[in-house]
Amino acid sequence: MSQDKPVTIVNALNAALTDAMADDDTVLVIGEDVGDPEGGGVVGVTAGLSTRFGDHRCRSTPISEQAIMGAAIGASLIGFKPVAEIMLMNFTAVAMDMIVNHAAKLRYMSGGQTSVPIVIRCMTGAGLSTGGQHSDFVEAWFAHTAGMKVVAPSTTEDAYGLIRSAIDDPDPVLVIENTPNYGAKGPAPVAGHRVPIGKAAIRSEGSDVTIVAYSRTAMEAVAALPAMTEAGISAEVIDLRSIQPWDEEAVLASVAKTGRCLVVHEAVTPFGPGAEIAAVVQERLFGKLKAPVMRFGAPFNPVPFSKSLEDAHIPKAARIAERAIAMVKG
Amino acid sequence: MSQDKPVTIVNALNAALTDAMADDDTVLVIGEDVGDPEGGGVVGVTAGLSTRFGDHRCRSTPISEQAIMGAAIGASLIGFKPVAEIMLMNFTAVAMDMIVNHAAKLRYMSGGQTSVPIVIRCMTGAGLSTGGQHSDFVEAWFAHTAGMKVVAPSTTEDAYGLIRSAIDDPDPVLVIENTPNYGAKGPAPVAGHRVPIGKAAIRSEGSDVTIVAYSRTAMEAVAALPAMTEAGISAEVIDLRSIQPWDEEAVLASVAKTGRCLVVHEAVTPFGPGAEIAAVVQERLFGKLKAPVMRFGAPFNPVPFSKSLEDAHIPKAARIAERAIAMVKG
Amino acid sequence: MTNAYIPDGPTQLAMFRKMALLKINDEKTRRAISTGRLVMSFYSYRGQEVIPSALAVNLRDTDYLCTIYRGIHDMLAKGMPLKDLWAEVAGRMDGTCKGKGGPMHLTYPAKGIMVTTGIVGSSMPIANGLGWGAQLQGRDDVSVATFGDGAANIGAFHESLNLAAVWKLPVVFVCQNNRYSEHTAYSTVTPIERISDRAAAYGIPGIHVDGNDPVAMYAAAAEAIARARAGEGPTLIEAITFRFNGHVFGDPAGYIPKEELQTAMAADPYPRYRAKLIAESLATEAELAEIEADCEAQIEEAIAFALNSPFPGLEELSSDVYGAAA
Amino acid sequence: MTNAYIPDGPTQLAMFRKMALLKINDEKTRRAISTGRLVMSFYSYRGQEVIPSALAVNLRDTDYLCTIYRGIHDMLAKGMPLKDLWAEVAGRMDGTCKGKGGPMHLTYPAKGIMVTTGIVGSSMPIANGLGWGAQLQGRDDVSVATFGDGAANIGAFHESLNLAAVWKLPVVFVCQNNRYSEHTAYSTVTPIERISDRAAAYGIPGIHVDGNDPVAMYAAAAEAIARARAGEGPTLIEAITFRFNGHVFGDPAGYIPKEELQTAMAADPYPRYRAKLIAESLATEAELAEIEADCEAQIEEAIAFALNSPFPGLEELSSDVYGAAA
Ligand SMILES: Cc1ncc(C[n+]2csc(CCOP(=O)(O)OP(=O)(O)O)c2C)c(N)n1
Ligand SMILES: Cc1ncc(C[n+]2csc(CCOP(=O)(O)OP(=O)(O)O)c2C)c(N)n1
Ligand SMILES: [Mg+2]
Ligand SMILES: [Mg+2]
């Protein structure tokens, strides 16, 4: 990919898969419609792979998510590094057994004799009026599963770097791609770039409040900066990038400095990822906080279809700013 | 059921199902091996139902958890109140789509035109050497799903009362039964008894620390009382009974009094139910706590088979006492 | 397939009326999206109008339907009112789901339209439950699950047909085989020529039918529905058809070979059936044109109604998640 | 079934040797539990010894096996060493999984025993992946998934056979039809007489065989394995057998009609095959007795070894959850 002009997240993901397959013969790609005869993926993330690397290495599958995951798991047990696409995050539900009872556990249950170095890619996110069964963020299910890792890039470079790291990783990694964010542009990633799993990125430094977010909400938090600055508050925005494991060190260091923490995610609030972060922060920084750790997730309802409701469902910049300002100004 | 001699949890569950079916013709029971020709359930929870109420109302199914859930959902849409057994909690993974994408969402997605008043019963719990795929507590997945309710009785009366309330309830309720606890004895429930969903029980009053637990760990917390008393600390034990919704009011009132909160559950700690409780307590009682909210869940690994490891995996009385004492004595 | 079920003249006309409504509604929907009047994911069913029309003339309001994202044809044929439908896909408060469900989750219990799902395969397990409920209530109503050719490869298909067979449920499984699942051609992902042959795996009848031939499709539907009503259990119907547009609005469908598409469109069942009715003197050109004009007018009225309906207020965001406890 | 595959004398004896090991191991396991030497969930396979023995004499160490909770017979036949097995089911550090997997999750890659699962149906999707891997590597090794009759009704079965057929994977699907799934009789939950007939739903060969007849089972296994090795794709074998004990140790199996059980036990394949080998002069009574005594001794040695092995230390509790990052 040329370094000089901006690329989309789709381009970055495609480059990551292309480079990984070029660098390592054991990398495979499977999923519904991923092959070029089927258009190289419904949004083109896998375009060109089957043509360049052959149908045997990039292969479209029946609509059989359990079989897709099983194929990936089995091949990974004997030295392959399959990247399996489960088109939308909600569809992980039809392959849940393969993911949580098998991929995540085979290393442990075999006493370390086998391992499952697979990547599961999926897209999700409200904002495109796709309604209740195509928009959910359910990363908490997998973050709560020992043996799984979960990452959620929000920039072109992280998209590239996290896919590469996920493929390198010796364990199953779920990569969450944000559908409304697919067309967002950013710098073309350097070939071979890696983003370590478990390392957050500080998107903006600040002193009054730490905003912890990821995927789309990380971008929304950045978009909220001007309003916060205008209100006279200085926010530090941390893009977690990895949810399991998450970068406790970076978050704790930041909150130790600011004294305040607002966790933002598009998953519903109750029993969501923000709860874990709040639980750890209040424990580790007890007595050092200026305010309780606050959470701003989606309200506790399925994702609505109607635009008016869908907009209100997503934690967006304006309301992130409001909440952060309220935390600082009391 | 006679009132004068103690009964087991299995007896109480059986009585609840029997009474519910006797009281209401629309109550149905389905699942693998639930009929009397198949022994009335693998541990006898459904014994006698098919004989008394007919094969059409209590019916054994193929090993097809998606079909089981679909049958329950469909019948519930037109006025039935099916109780579907998914034998072990881990097997919810093979029916996850039906539960989270359909049962939980149909009311909302239909704009309130339809509803899914089903009960999903499952058993789980470490302690019987059944290993990594038969022991997990994954209530957090469902508690994080808008539209679902989740309860987990630990006594005979709660087992009866929560099943009855779950059947009455207009929405899908997941009932978690603890396998190692099935034989535990307690008072015979009064016929018709109900335990409101969302109401906790205070198992022991105390002033130094609030221990919040449910299912087996609630019993372990009670068993930890003598050691704590001996160490000179006074613990209030709250058995949540309901996890979604959980009794914030009771927990907050107790922690407001004791100033300390230890949440105990058998699910793994990271991103577990304890995180939600910690997040809410630290927010609502900010500045009023004498110690951070602490969590004691299972370590972040699949459930091991070997007895030595399995014992160490479960939060048991002795270690609950240790942790509570450490919180109070510093 | 038996010849016992032959649609009479009025029934043939009734099927046409439904087909016209469906076809014109599809065209109007695509136009509404391309002109910016509406924002929605639309899974065009143009080319597949015969199947639901032939089913619906054999169904009652008290029969149940579970359909899928590509299911507006199924719903309209089953009796979903146009206004409720359009207001829903426009995300408005007068929509059948108050705008909360949208085009993939339309529900209309008064006409037995119980579930519309966006998860491939999931119409089937729930249709079983509806059929089971009807069976338990001693009714002779039936439950219909529609789904695509791609859905015949997912686990829920297998579990559902097996349970329906074992419990002899009054369910009709209708596979609308439009030869593609998203961008994937049938033979790439299915190792047998006929999905209807899978019925044998459950010991139930399988019917392979030209889903673009209204008379043949009528017979298949009537036979399967009669069997279900009679308590003789489920049937799997595979109705062969074609999807004239991309998978979802905006998909140019480059993966369909040009010749294949041209052949299919040349055999468009709508004009064919229209001509047949006239040729067989079941209707005059003028009568059919009037039906079409009427459909057009009704749809325009529904669109206008929908676009005038208010968006749901924020109080709708977190309501209807749970019911009021008893 | 073809007659092309007939086991020669040494092969017939090799099968007997495996059957003897399996049978005696099952008996010893039940005894170890009932006498309190061991605590474990044990899913007895007594009565089902022929199937894995006939498979295994056709398999290489580099062929793969995915089996289930009722799978110790499958593993032993495939070559799992007795000491590693017994130490594992005793939860000891010398167990093949360091005691962390236990009887439902034994794994032994050196003999191709890759996955043992406790989730009904899940052996099949993963066996596909192993076969796919071998196919990609250009090897002629095969992958075997074993499962029960009950598992043939779950979604994973359908998805797995379909994918294997479409991708022509070198996988042999072996349904050990022991007529019961837990407490449920076959016909209560399966609407057809032969699960092997389901092969037609995927356009692959289905073999129905008496899984208690070593010679017939050998032929079925050899044929299916040869087909897979030759790149001709998957086969579904339904091997009819019977489970002589309850579902899990402690289950009195009251749901099995007495006469059915008696008939099955009267046809116990073990003594039948033993007598046949002697009758056909393939072995003498003394030779077979020696094999049995040898198995018995080996098993006793393994039990003693296992019970002397240490329990895993607490450092094992949370290790092996993740690998070391590259
Ligand atoms: C479980 C699941 N997997 C994948 C998808 C994505 N998806 C939506 S439609 C579709 C193709 C379905 O094809 P088919 O069953 O033939 O129905 P058609 O769209 O042709 O009517 C896919 C793969 C989904 N919605 N659900
Ligand atoms: C998905 C799932 N559902 C239910 C169970 C509980 N269960 C364990 S074994 C079994 C019966 C399986 O019967 P079959 O497939 O015939 O195998 P067999 O035990 O007879 O060898 C059931 C229902 C399970 N382990 N997994
Ligand atoms: Mg299709
Ligand atoms: Mg069986």
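Each chain gets a letter, A, B and so on, in the order its sequence line appears, and its residues count up from 1. Scope of the values below: all heavy atoms of this structure, side chains included, with no hydrogens, waters or symmetry mates. Quick caveat, the model's predicted, so the values are computed rather than measured.
Comparing K168(D), E159(D), E193(D) by how many heavy-atom pairs each has under 4.5 Å with chain C, the most go to E159(D). Looking only at heavy-atom pairs under 4.5 Å with chain D, the residue among A200(C), A201(C), G203(C) that has the most is A201(C).
With a threshold of 4.5 angstrom between heavy atoms, I154(C) approaches chain D through its backbone and through its side chain. If you measure heavy-atom distances from A199(C) to chain D, you find no contacts under 4.5 Å at all. Heavy atoms closer than 4.5 Å to chain D are found in both the backbone and the side chain of N153(C).
Residues T190(C) and N162(D) approach most closely at CA-OD1, 4.4 Å, considering heavy atoms. The two residues T188(C) and V166(D) come nearest to each other via the heavy atoms O-CG1, 3.0 Å.
Of the possible polar contacts, none joining the H158(D) side chain to the A156(C) backbone as a donor-acceptor pair under 3.5 Å is found.
In E260(D), the CD atom is crowded: over 12 heavy atoms of neighbouring residues, nucleotides or ligands sit closer than 6.0 Å.
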